[in-house]
Structure formats: structure tokens, C-alpha cells
Amino acid sequence: MTWFVDDRRTWIQRIFGNILLNGPVPKHVAIIMDGNRRYAKLKNIKKIEGHMSGFDKLVEALSWCFLMNVKEISVYAFSIENFKRSDDEVNALFDLAREKFQRLLDEKEKINKLKVCIRFFGNVSLLPQDLQVIISKVVQMSKHNKNLFMNICIAYTSRDEITMAVREISQGVNEQKILINDINEALIEQCLYTSNSFPVDLLVRTSGEVRLSDFLLWQCNATNLTFVKQMWPEFSVWNFYMAILNFQLNHHHIEKLRDSLLERTSKDIAASCKMSVIENRKVLVDRLKNKEIDDQENLQLLAKHLATEAIDSEIACQKNRTTQFLSSLNLKREDAFYQLSLCDI
Ligand code: FPP
Ligand code: MG
């Protein structure tokens, strides 16, 4: 089955969709596609058939996102916790993933025409090698597209994502690319897989479970959360519309919350830069006391560090350091996918 289908909505569903388009629509929608196995049990079909119906629903949901001007969609396809399921189920899910991701490669022309950028968030090194190669080829094929971003979270948990970000930052400090005082919320956020994403506006979880299950925990601090009782394969366009309506009702509040978070982040940066300047001054005064540097040189340095512009200049230096660090991290990640994509499937 294709990943991209035409509008299958009835005329009344289209009218409701158009009414909703008069209000703000979420730019980034995240979905926890839960309940495939319970659906299978209800329908008396095999577990994997439940997951297959889940995939069909994903295709439908993608088309709704297109039609409702959503710019980015993140779906929880396989959690690191899911490795604990039976070998049979895990292998069947990976077979399904192989087939569907290969299909993405086959639909290259359509994907590039629709300008869909497909990204995979997660610890892909945990996946079978051949699946890693297919994934990397999909990434390479679609990385220049900018109309709709589809993030497939696979071998993913938020805790793992944050742990990985902390590791990258520690390495950056060790290699003296950044300083301890450069570490703040903004930097950690930029080291997550979602560094090039829009903020998550709306998160939907199906199946009646009211939990985030380690999905986009960092990213969902100013997000409208919608929990619906339907199993994922039963999720309807009406459920989707209700979630958008819910978002619209809370939109103003979420925007205000984001503004105050942004203000706190810039205060955070200024405070950490002030700390760097104070520490630098202390070092200078100690060196002066110990007569480690000659007076003339020291006077100039001290004057520089006492100047009121010192903090502003430290902010600029910090920005420079973190920008370079983050672009090298991005390059490293892109290169990992590129190297993988050169392998044969
Ligand atoms: C959660 O339902 C679903 C998953 C763990 C797998 C999600 C996969 C799909 C929807 C198929 C999409 C496939 C690709 C290739 C992207 P569950 O298994 O936890 O069901 P339960 O909650 O009823 O036990
Ligand atoms: Mg479940």
C-alpha cells in the first residue's frame, strides 16, 4: 500500500475540515499510535494484522495532516521498551518496517514531488543492520524536502534521547569545544533529535491510556495533550478534528506559556555568561596576586573583564562556541546516515 493517498473524506468531513482551517492549526502533531494488539484481539485477527491496520491508519492520518496544513508529524513506531516483546512480534514488526520503508524508496518520485522530508528519530544502531541501511537511504533520498516533515520514532525513548544529548555535550566539554557554563536548557534542546523541528503543538494518544510512555517528554512541556479511547486503527478523522479543536481552544494559553519559557531561557543564558565573566575575573585576580602575569598585561585584561560590555561580549562568544559545536554535531549525525546509505541492502 502507498504511503500517500488522496483525500478520502466525505463532503461533510471536508466542510468541517475547512471550518477548522479558519482557526490556528497545529504545525507539529505527535502521535502515540497505541492499541493495535487490543484492536487485533477485538477483531479476532493476528497481532501483526493489528499492526498492519495501524500502518493503514498512519497513511490515512498523514493525508489528514496534509489537508489540514500540518507541517510536521512525529509518530511513535517502536519504543526501545518494545524490544522486550516476544521475538516473533519484534521480528514481524521489523519485517513490516522493512516492507514499508522499502516502499518509501520506491515512491521516491511522489515523495519529492510532495516535498516530504522523512526523518528517523531514535537509536537506530539498535536495529537490524539491513533495516538501518534502508532507513539511511530514505533519509538521504528526502533530506532536501521542506513541505512536510515526517519523523518516524523508532528504537526511541525520550530518556535515551536525553542521555545521548548529555553524552554529546560532555564530549564537547572534554574536547574544549564548549564550556561547562555554556550548558543550559537551550543547548540541551538543540542536541535532541528534534533540534530542527517546530515545537510540538498537539500530541494525540489512542487506546485510552493516559501516559506519555517516554515519548517526546522534553518537547511536550507546552503542548496540547489529547487522549482518545479508540484503538489506533479505529482513530477517525472526527477524532482528529476534535484534537485540533481542543488545540484551538488552548492555543492562546500555550502561546503565552511558550513566551514565558523563551524569556526564562534568555535570562538563563545571561546568568551563565555573567558567571563565566565573574570566574574569569577571579582567575585574573589570583594570577595577579601570584605575580603570574606582568602588571601591564593584567591591567588590560582586568579592565576588559570589569567593563560592562563583558557580559554581552561573553554572550556573543558563547553563541559562537555553541553554534560551532552544534553544527559539528549535526554534520556528525548526517554523516553517520550518509555512510550507512552507501552500504548494500
Ligand atoms: C502500539 O500498539 C503500536 C506499536 C508498538 C507499533 C506501531 C506500529 C504501527 C502503527 C505500524 C506502523 C509501521 C511503520 C512501518 C511505521 P500496541 O502493540 O502497544 O498495542 P496494545 O496497546 O493493544 O498492546
Ligand atoms: Mg500499547
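Just follow the structure's listing: the first ligand is 1, and inside any ligand the first atom is 1. Heavy atoms only: backbone and side chains are in, while hydrogens, waters and symmetry mates are out. Note that the numbering runs from 1 along the sequence shown for the chain.
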Subject >> side chain to side chain contact (heavy atoms under 4.5 Å, CB included) between Phe101 and Ile118, worked out >> reply: CA-CA 10 Å; Phe101 299 159; Ile118 300 149; over 6 Å; no
Original post:
Between Phe325 and Asp182, does a side chain to side chain contact (heavy atoms under 4.5 Å, CB included) hold up when you go through it step by step?
Top reply: CA-CA 11 Å; Phe325 166 71; Asp182 297 341; over 6 Å; no
Original post:
Does the ring centre of Phe247 sit less than 6.0 Å away from the ring centre of His251?
Top reply: yes
Original post:
Of all the heavy atoms in Gly35, does at least one lie under 4.0 Å from an atom in ligand 1?
Top reply: yes
Subject >> Heavy-atom closest pair, residues Phe240 and Cys65 >> reply: CZ-SG, 3.9 Å
**OP:** Please work out whether the ring planes of Tyr193 and Phe121 are parallel, tilted or perpendicular, with thresholds of 30° and 60°.
**Re:** parallel
Original post:
What is the nearest protein non-hydrogen atom to atom 13 (C) of ligand 1, stated with its residue, atom name and distance?
Top reply: Phe55 CD1, 4.0 Å
Subject >> ligand 1 contacted by Arg85 (non-hydrogen, < 4.0 Å) >> reply: yes
**OP:** For Arg38, take its heavy atoms, then give the atoms of ligand 1 lying under 4.0 Å from any of them.
**Re:** 21 (P), 22 (O), 23 (O)
**OP:** Give the numbers and elements of all ligand 1 atoms closer than 4.0 Å to a heavy atom of Asn82.
**Re:** 5 (C)
**OP:** Run the ring-centre check on Phe94 versus Phe78 and record whether the distance is less than 6.0 Å.
**Re:** yes
Original post:
Is the Mg ion (ligand 2) under 2.8 Å from any N, O or S atom of Asp34?
Top reply: yes
Original post:
Any idea which atoms of ligand 1 are less than 4.0 Å away from a heavy-atom of Gly54?
Top reply: 10 (C)
Original post:
In the protein, which heavy atom is nearest to atom 3 (C) of ligand 1, and how far is it?
Top reply: Met33 O, 3.2 Å
Subject >> Heavy-atom neighbours of Gln339 CD exceed 12 at 6.0 Å >> reply: yes
**OP:** Determine, considering heavy atoms only, which of Ser79, Ser53, Ala77 sits nearest to atom 7 (C) of ligand 1.
**Re:** Ala77
Subject >> Those atoms of ligand 1 less than 4.0 Å from some heavy atom in Ala97 >> reply: 15 (C)
Original post:
For Phe16, does the CZ atom have more than 12 heavy-atom neighbours from other residues, nucleotides or ligands under 6.0 Å away?
Top reply: no
Subject >> For ligand 1, the portion of Val75 having any non-hydrogen atom under 4.0 Å away >> reply: neither
Original post:
Which residue owns the protein heavy atom closest to atom 11 (C) of ligand 1, what's the atom, and how far is it?
Top reply: His51 O, 3.6 Å
Subject >> atom 24 (O) of ligand 1 - nearest protein heavy atom and its distance >> reply: Arg37 NE, 2.8 Å
Original post:
Which of the listed options, Asn36, Ile32, Leu104, holds the heavy atom that is closest to atom 10 (C) of ligand 1?
Top reply: Asn36
Subject >> Close N or O approach (Trp232, ligand 1; < 3.5 Å) >> reply: no
Original post:
Do any N/O atoms on Lys100 end up under 3.5 angstrom from N/O atoms on ligand 1?
Top reply: no
Original post:
Are Lys47 and Arg85 side-chain neighbours, meaning at least one heavy-atom pair lies under 4.5 Å?
Top reply: no
Original post:
Can you name the closest pair of heavy atoms from Ser341 and Gln140 and give their distance?
Top reply: OG-CG, 3.4 Å
